[in-house]
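Here's the structure, in structure tokens; my notes come after.
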Amino acid sequence: MEQADLKPGDVVKRHRLSTRLWHWTNALTLLVMLMSGLMIFNAHGRLYWGQYGANDDKAWLVIDDAGDTGFVELAGVRVETTGVLGIWTNEEGEVKRRAFPYWITIPSSYDLQAARRWHFTFAWILAIALTLYMLRSLWNGHVRNDLHIRKWEWSLSHIWHDIKDHARLRFPTGAAAKDYNILQKFAYISVIFVLLPLIIFTGLTMSPAMNAAWPWLLDLFGGRQSARSIHFLCAFGLVGFFFVHMAMVILAGPVNEVRSMITGKYRLPGKAEPAPAPEAASLEGETA
């Protein structure tokens, strides 16, 4: 069916098989990596810039406790987080002094070695899946046809119009809903070509073995502690993307959106025009 012939209610193919497989693989992989990464962070709840960092060095982010008070300190500004971050109670009612609570980490009890095994195993899955997806997307035209930002889309008025439509919860209907809008393109390009590659390469930079093999990584990211900070920021950038993504899925119609990411079939949103009554169709034929 031609793009011009599409109308609300039509069922179209929206997501390729490679996109659907990568989407669900990525969802599971990033969830495990985030939760195991938070357990690794619990070993030292501070972030620094530069090559080195320890308790007495100036940290730009601290999640810790001071006596009976848990707190988060960002750039010198401290906020009390007792019961959630810094100090919290586990399932047995025991008070624990760790940055992140048990219900958001893998494993739930403190085990740095196990967390690293989970994290590194799924890091390989993430890297291999991303590489295969990028190559496949270049081969099948997904990047060129779906993600490429065309010249007219760079117009500030076009971008501002799309921002206002999203703010007012006005989503495309009919044929316009089949393609990614400019904000979706910005978001997906940022995730696929910026955040995920940065997550992978900053993770490699924190590995002593990779420092020996590729010492240029330390220079590229300004030191191991800087790489750790960038790694953390990218991870929470992905968390932010997830919450915005889920909000848009719910607002745009979760059944239709999730079905399209499972089967590839997508029903164009909008008010479908009713089919003409038999009598009206007969009269139109006689008039013609």
Side-chain angles (χ1 to χ4, degrees), residues 1-31 125-126 128-155 158-197 237-275:
M1 186 180 293
E2 295 295 331
Q3 186 85 353
D5 297 329
L6 294 174
K7 58 186 183 299
D10 287 341
V11 177
V12 298
K13 184 175 181 180
R14 192 185 196 195
H15 298 298
R16 295 174 173 85
L17 177 61
S18 57
T19 298
R20 300 185 329 256
L21 289 174
W22 181 74
H23 176 275
W24 295 113
T25 300
N26 220 33
L28 174 62
T29 301
L30 287 175
L31 176 63
I125 298 174
L126 175 72
I128 293 171
L130 178 63
T131 301
L132 293 176
Y133 177 69
M134 283 181 166
L135 292 174
R136 181 60 179 168
S137 295
L138 289 170
W139 178 264
N140 65 18
H142 177 51
V143 172
R144 180 180 64 256
N145 298 326
D146 302 324
L147 296 178
H148 173 63
I149 300 176
R150 291 158 179 81
K151 185 177 180 180
W152 61 270
E153 290 180 296
W154 285 106
S155 165
H158 174 75
I159 296 172
W160 180 240
H161 181 268
D162 208 36
I163 292 174
K164 289 191 296 183
D165 280 348
H166 276 75
R168 296 168 182 168
L169 303 182
R170 294 177 180 173
F171 301 109
T173 59
K178 182 176 181 291
D179 301 321
Y180 296 143
N181 59 57
I182 186 64
L183 295 185
Q184 285 177 304
K185 289 183 178 183
F186 281 149
Y188 296 149
I189 289 171
S190 297
V191 168
I192 297 170
F193 298 103
V194 179
L195 291 180
L196 290 178
L238 291 171
V239 171
F241 167 81
F242 167 77
F243 282 112
V244 173
H245 179 63
M246 291 305 299
M248 292 297 102
V249 167
I250 292 170
L251 292 170
V255 174
N256 194 28
E257 294 288 338
V258 173
R259 180 180 58 204
S260 72
M261 193 50 75
I262 295 174
T263 67
K265 295 180 180 180
Y266 180 72
R267 187 177 297 278
L268 297 177
K271 199 168 185 180
E273 295 181 5

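What you are looking at is a predicted structure, and each value in this text was computed from that prediction instead of being measured.
Classification of the Trp22-Tyr133 ring pair by plane angle, with boundaries at 30° and 60°, yields parallel.
Side-chain contact between Leu196 and Leu238: present, with at least one pair of heavy atoms (C-beta onward) separated by less than 4.5 Å. Counting heavy atoms from C-beta outward, Tyr180 and Ile189 have side chains that stay 4.5 Å or more apart.
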Side chain to side chain contact (heavy atoms under 4.5 Å, CB included), that's the test. Do Leu130 and Ile192 meet it? Break it down for me. CA-CA 8 Å; Leu130 178 63; Ile192 297 170; 4.2 Å; yes
Go through it in stages, so that I can follow the logic: the residues are Arg259 and Ile262, the test is side chain to side chain contact (heavy atoms under 4.5 Å, CB included), and I'd like the CA-CA distance, side-chain angles, deciding distance and then a yes or no. CA-CA 5 Å; Arg259 180 180 58 204; Ile262 295 174; 5.7 Å; no
Carefully, step by step, assess Met261 and Trp24 under the rule side chain to side chain contact (heavy atoms under 4.5 Å, CB included). CA-CA 9 Å; Met261 193 50 75; Trp24 295 113; 3.7 Å; yes
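The two residues Pro269 and Pro8 make their nearest non-hydrogen contact at O-CB, 3.6 Å. Of all the heavy atoms in Lys7 and Leu268, the pair that sits closest is O-CD1, 3.6 Å. The minimum heavy-atom distance between Leu183 and His166, with the atom names listed, is CD1-ND1, 3.7 Å. What you find for Leu147 and Lys185 is that their closest heavy atoms are O-CD, 3.8 Å.
In this structure, the separation between OG1 on Thr25 and CG on Leu132 is 10.0 Å, given to the nearest 0.5 Å. The line from CG of Asn140 to CG of Leu135 is 11.0 Å long, rounded to the nearest 0.5 Å. To the nearest 0.5 angstrom, Leu138 atom CG is 8.5 Å from Met134 atom CE. Put simply, CE on Met248 and CD1 on Ile250 are 9.5 Å apart, with the number rounded to the nearest 0.5 Å. The CG atom of Asn181 sits 4.0 Å away from the CG atom of Asp162 when rounded to the nearest 0.5 Å. Interatomic distance, CD1 of Ile149 versus CD1 of Ile159, reported as 7.5 Å (0.5 Å rounding).
Qualifying salt bridge (Lys or Arg N to Asp or Glu O under 4.0 Å) partners for Arg16, counting only residues two or more places apart in sequence or in other chains: Asp146.
Between the side chain of Lys178 and the backbone N or O of Arg14, no donor-acceptor pair lies under 3.5 Å. Remark: side-chain polar atoms of Asn26 are not paired, donor with acceptor, to backbone N or O of His23 under 3.5 angstrom. For Arg267 (side chain) and Asn256 (main-chain N/O), no donor-acceptor pair under 3.5 Å exists by modelled atom type. Side chain of Ser260 to main chain of Glu257: a donor-acceptor pair is present (N/O by atom type, distance under 3.5 Å, no hydrogens or angles).
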